[in-house]
Amino acid sequence: MDVSHLLDDLNPAQRAAVSAPRGHYLVLAGAGSGKTRVLVHRIAWLTEVEQIPAHGILAVTFTNKAAGEMRQRASRLVQHGSRGMWIGTFHGIAHRLLRLHWQDARLPQSFQVIDSDDQIRLLRRQIKDLGLDDKQFPPRQAAWYINHCKDEGKRPAHLQPQNPTDNTMRDIYVAYETACQRAGLVDFAELLLRSHELLLAQPALLLHYQQRFGQLLVDEFQDTNAVQYGFLRLLAGRTGEIFAVGDDDQAIYGWRGAKVEHVQHFLHDFPSAHTLKLEQNYRSSANILAAANALIANNPGRLGKQLWTDGEAGAQIELYAAYNEIDEARYIIERVQQWIAAGGRAQDCALLYRSNAQSRNFEDALIQVSLPYRVYGGLRFFERAEIKDTLAYLRLLTNRDDDAAFERVVNTPTRGIGERTLEALRLRARQEGTTLWHGALLELTAGELPARARNALRGFVELIEKLANSTRDLELAEQIDQVLQVSGLHAHYAAESRGTLEARTDNLDELVTVASRYVPAESEENLPELVAFLAYASLEAGEGQSEAGEDCVQLMSLHAAKGLEFPLVCLVGIEEGLFPSQRSLDESGRLEEERRLAYVGITRARELLIVSYAETRRLHGMDLSGRPSRFLAEIPPDVIREVRPRVNTSRPQAFTSQRGARAQIDDAPHGLRAGTRVRHMNFGEGVVVDVEGSGAHARVQVKFPEAGAKWLVLAYARLEVVRPAG
DNA sequence: GACAGTCCTGTTTTT
DNA sequence: CAGGACTGTC
């Protein structure tokens with residue numbers, strides 16, 4: 001058999017992984033080492049050489065994008081095509097299972113997937129209904145708590161509240177669960193947990209899938225949470241073989257339940273598993289790689305992997321110490337312009353930041369020089385209010401019990417159903433243990449609503465029924481159009497956006513277009529089209545703006561950049577407190593994750609990496625002076641080049657000082673910085689550990705041997721310098 | 001029910 | 001500072 005097309009252009013390590021004999025494998029694949037390639041080639045190898053039928057293969061990823069890419073590449077590479085394989089995200093696959101076995105999963109056939117926004121709204125409702133103060137129990141926090149529990153595989157019954165707060169949280173969890181179950185709603189974490197429980201509770205079903213999927217392939221294995229790992233393990237059973245690809249150095253989702261430890265668990269749970277490493281990097285210049293390697297070496301407990309390249313050293317990393325965030329943006333954009341002037345393309349430049357809020361200054365600067373750009377990670381198409389309103393109508397058409405949808409549109413556009421009518425409805429529904437829709441029907445037949453409210457409510461109920469009837473046999477796009485017209489939503493948004501730049505009606509039109517082009521995925525071919533479309537909308541919220549193929553500078557968070565690469569990467573805002581973020585400094589273990597995030601950022605760059613920080617940054621309306629990130633000091637000096645020489649200081653000192661440059665632009669008032677020894681009349685002698693703000697707001701944190709660390713406002717504290725720092 | 005004024009709070013994000 | 005949530009008035 002000729003398998004050369006599967007192995008030809010692979011390096012020895014990649015080849016070894018792709019053509020390994022059947023069994024369990026853990027492939028530790030460094031950044032830029034061709035891991036997706038190996039995964040796809042492995043799929044092809046399994047089908048062509050090991051004669052595994054397509055339907056025996058299950059491949060999971062974390063993002064729709066990755067899944068789409070894998071699907072596409074697999075269908076091209078595999079001779080007999082990829083039809084029959086299950087390739088998708090964990091959530092997508094879980095959804096598929098639940099759709100196929102909705103009865104066994106104790107779900108209504110028309111169950112709907114809700115996104116985090118719906119989840120929070122629903123929770124707000126539950127918290128109110130429990131008579132709790134939503135200041136004390138913010139819906140966001142409750143959502144976080146519940147998702148966290150579900151990620152760990154915990155139902156309320158598994159929890160042992162230690163204190164009143166935990167107890168209340170559990171109550172909220174219970175109430176939320178009941179509400180979801182009644183309304184036929186499933187949130188993202190629930191998809192995973194529910195399908196895991198489904199397999200656990202139905203041995204016959206489990207056996208069926210275990211026998212079917214003899215080969216399980218997992219991408220980004222380091223990002224699996226407990227339920228996902230449990231799911232994999234369960235599905236593998238005694239016979240299934242797992243091919244897991246991951247990189248412990250790129251584990252950046254610990255904060256949402258992912259556990260790198262699963263890599264170790266895997267080796268423990270599958271003792272026959274072999275570990276393979278892909279360490280040759282094809283992406284970055286040697287200098288960039290050296291920086292990444294040196295940085296990540298500071299993390300303890302790594303599985304051990306050293307990326308290397310036989311490529312050229314390349315340009316040194318540029319470091320720019322900006323005066324403030326405006327200067328930073330100005331400089332970075334200037335460099336981007338230079339790159340383009342030298343023949344580069346705008347789309348080859350990426351600006352990466354720790355938090356999305358940082359994009360603004362760069363956007364301003366880009367607008368000023370009229371460079372086209374694109375910001376990733378804002379509100380996505382299916383998350384827009386007008387789109388969600390429309391979808392809520394559609395949801396009600398498929399499932400009247402969908403309380404979240406009901407609440408959303410019962411009075412949108414306004415039709416005279418006010419808060420007190422709604423309150424009566426909710427009360428009725430709660431008393432009867434039923435849904436709002438049902439409550440409304442009861443209220444209409446037997447209620448004591450004032451005539452006006454009653455008529456308004458009847459109007460709504462009739463509207464939904466009428467729409468359900470009139471759209472039954474229409475094409476999806478026509479259904480949506482019909483809903484938009486008859487419900488008055490289109491007119492509502494047309495009236496609202498008159499005179500505004502915001503083109504909400506354009507989005508509504510776009511929704512109709514999207515629907516007209518919608519083709520259900522292979523896995524959803526058997527579903528009613530509308531149900532499939534709604535699931536698609538929730539699971540794949542769509543990219544931000546329209547897919548402009550334009551040549552744009554790319555702006556995104558570091559998290560969003562994972563898996564991507566760019567010739568020029570600008571890593572901005574590299575300041576203590578910002579990156580690593582303040583909150584990561586407070587919790588143990590988080591700093592390592594921040595470092596991995598930095599590692600991810602650095603390894604996105606192919607040719608040139610520019611890093612920058614601002615000595616002063618306006619944040620939340622206050623000027624803060626920041627110190628350069630500790631991560632900078634972890635990069636070997638010889639691969640980095642400071643672009644603007646600092647006033648009278650050499651580099652290592654420049655990293656801990658903000659005095660030189662600051663003196664030029666503002667008051668450089670107190671001369672205090674980290675390391676300065678000061679005396680306080682009450683606390684005695686101490687060492688400055690942090691400086692914040694300027695002028696009248698300036699504060700310093702001083703560590704005193706007796707009193708501990710204190711924040712002192714300079715204007716009041718009358719500190720005396722004992723010995724300057726450095 | 002619409003609108004204006006006030007309060008408050010600000011990571012990362014996919015699904 | 002700025003966007004969102006909430007309150008109070010007409």
Side-chain angles (χ1 to χ4, degrees), chain A residues 60-67 88-95 113-121 124 134-135 138-141 143-144 147 150-151 186-193 195 220 223-225 227-228 251-258 325 352-361 376-380 382-383 385 411-422 452 456 495-496 535-543 556-563 573 577-587 590 593-594 596-598 600-601 617-624:
Chain A
V60 266
T61 63
F62 280 82
T63 66
N64 289 308
K65 203 165 150 195
T89 61
F90 271 105
H91 292 86
I93 282 163
H95 176 244
V113 180
I114 55 170
D115 66 11
S116 25
D117 181 61
D118 294 323
Q119 185 185 32
I120 286 172
R121 285 162 176 271
R124 174 167 294 128
D134 62 0
K135 290 229 163 41
R140 286 193 141 282
Q141 218 167 296
W144 192 88
N147 292 336
K150 290 187 179 180
D151 286 345
V186 174
D187 62 41
F188 292 131
E190 183 74 25
L191 282 171
L192 302 173
L193 181 53
S195 50
E220 306 278 13
D223 286 334
T224 46
N225 66 32
V227 171
Q228 288 162 336
I252 55 174
Y253 286 110
W255 51 274
R256 70 174 201 220
E325 76 282 1
L352 308 183
Y353 32 76
R354 177 65 238 265
S355 72
N356 283 317
Q358 286 168 257
S359 72
R360 265 200 67 153
N361 297 313
Y376 290 78
L379 201 56
R380 283 170 318 175
F382 287 109
E383 291 169 358
N411 202 33
T412 316
T414 48
R415 49 175 69 89
I417 303 174
E419 194 50 37
R420 63 185 193 292
T421 311
L422 220 43
R452 181 191 277 266
E496 187 196 88
Y536 163 80
S538 309
L539 285 167
E540 200 156 341
E543 268 306 326
M556 67 189 83
S557 73
L558 284 157
H559 286 87
K562 187 156 96 155
L578 202 61
F579 188 32
S581 75
Q582 190 54 53
R583 286 184 73 179
S584 71
L585 296 174
D586 302 339
E587 278 173 72
R590 293 291 201 88
E593 184 155 312
E594 295 283 303
R596 292 193 289 267
L597 197 51
V600 167
R617 180 175 296 273
R618 210 174 166 76
L619 205 62
H620 310 322
M622 267 203 306
D623 281 322
L624 302 175

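Quick note on labels: first sequence line is chain A, next is B, and so on, each numbered from 1.
The salt bridge (Lys or Arg N to Asp or Glu O under 4.0 Å) search around Arg590(A) returns Glu587(A), not counting sequence neighbours. Taking the side-chain hydrogen bond (donor to acceptor under 3.5 Å, both in side chains) definition, one finds that Glu190(A) meets it with Lys150(A), Arg155(A), Arg194(A), sequence neighbours left out. By the side-chain contact (heavy atoms from CB on, under 4.5 Å) test, Glu593(A) pairs with Trp255(A), Arg596(A), sequence neighbours left out. Applying the ring pair (Phe, Tyr, Trp, His ring centres under 6.0 Å) rule to Tyr353(A) yields no partners; only residues at least two apart in sequence or on another chain are considered. The ring pair (Phe, Tyr, Trp, His ring centres under 6.0 Å) test applied to Trp144(A) returns His148(A), not counting sequence neighbours. Residues satisfying the side-chain hydrogen bond (donor to acceptor under 3.5 Å, both in side chains) test with Asn411(A), not counting sequence neighbours, are none. Here Arg415(A) pairs with Tyr393(A) under the side-chain hydrogen bond (donor to acceptor under 3.5 Å, both in side chains) rule; sequence neighbours left out. Residues satisfying the salt bridge (Lys or Arg N to Asp or Glu O under 4.0 Å) test with Glu540(A), not counting sequence neighbours, are none. Listed by chain and residue number, Arg99(A) satisfy the side-chain hydrogen bond (donor to acceptor under 3.5 Å, both in side chains) test with His95(A) (two or more places apart in sequence, or in another chain).
Separation of the C1' atoms belonging to dA2(C) and dT13(B) is 22 Å when rounded to the nearest angstrom. Taking atom P on both dT12(B) and dA5(C), the two are 16 Å apart, rounded to the nearest angstrom. Atom name P, nucleotides dT11(B) and dG4(C): the rounded distance is 13 Å, in whole Å.
OP1 and OP2 of dT13(B) both lie 4.0 Å or more from every side-chain N or O belonging to Arg380(A).
One can place OH of Tyr536(A) at 11 Å from P of dT15(B), the figure rounded to the nearest angstrom. If you measure from atom CD1 of Ile93(A) to atom P of dT14(B), you get 19 Å, rounded to the nearest angstrom. The separation between Tyr376(A) atom OH and dT12(B) atom P is 18 Å, rounded to whole Å. Rounded to an integer number of Å, the gap from His559(A) NE2 to dT15(B) C1' is 15 Å. Nucleotide dT13(B) holds its C1' atom 13 Å from the CG atom of Asp115(A), rounded to whole Å. Leu352(A) places its CG atom 12 Å from the P atom of dT13(B), with the value rounded to the nearest Å. Distance NZ (Lys562(A)) to P (dT12(B)): 17 Å, rounded to an integer number of Å. Straight-line distance from the CG atom of Leu597(A) to the C1' atom of dT13(B): 12 Å, rounded to whole Å.
Counting any heavy atom pair closer than 4.0 Å across all strands shown, Ser116(A) reaches a base atom. Within 4.0 Å of Asn64(A), counting heavy atoms only, lie sugar-phosphate atoms of the nucleic acid but no base atom.
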Look for any protein N or O under 3.5 Å of an N or O in nucleotides 1-11 of chain B and output each such pair with its distance, or none.
unit_1: dG1(B); atom_1: OP1; unit_2: Ile417(A); atom_2: N; d: 3.2
unit_1: dA2(B); atom_1: OP1; unit_2: Thr414(A); atom_2: OG1; d: 2.9
unit_1: dG10(B); atom_1: N3; unit_2: His620(A); atom_2: ND1; d: 3.3
unit_1: dT11(B); atom_1: O4; unit_2: Arg590(A); atom_2: NH1; d: 2.8

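Side-chain atoms of Gln119(A) and Ser116(A) form no donor-acceptor pair, as typed in the model, at a separation below 3.5 Å.
Evaluation of atom-type donor-acceptor distances gives a pair under 3.5 Å for the side chain of Arg256(A) against the base of dT14(B).
Stem regions annotated for DNA chain B: B:1-10 with C:1-10, counting only runs of 3 or more consecutive pairs of Watson-Crick or G-U type with both contacts under 3.5 Å.
In this structure dT7(C) sits in the anti conformation; its chi angle is more than 90° from 0.
Between Val60(A) and Phe90(A) the shortest heavy-atom distance is CG2-CZ, 3.9 Å. A pairwise comparison of heavy atoms in Val227(A) and Asn225(A) identifies N-OD1, 3.1 Å as the closest pair.
A 4.0 Å heavy-atom criterion places the boundary nucleotides of DNA chain C facing chain A at dC1(C) to dC6(C), written 5' to 3'.
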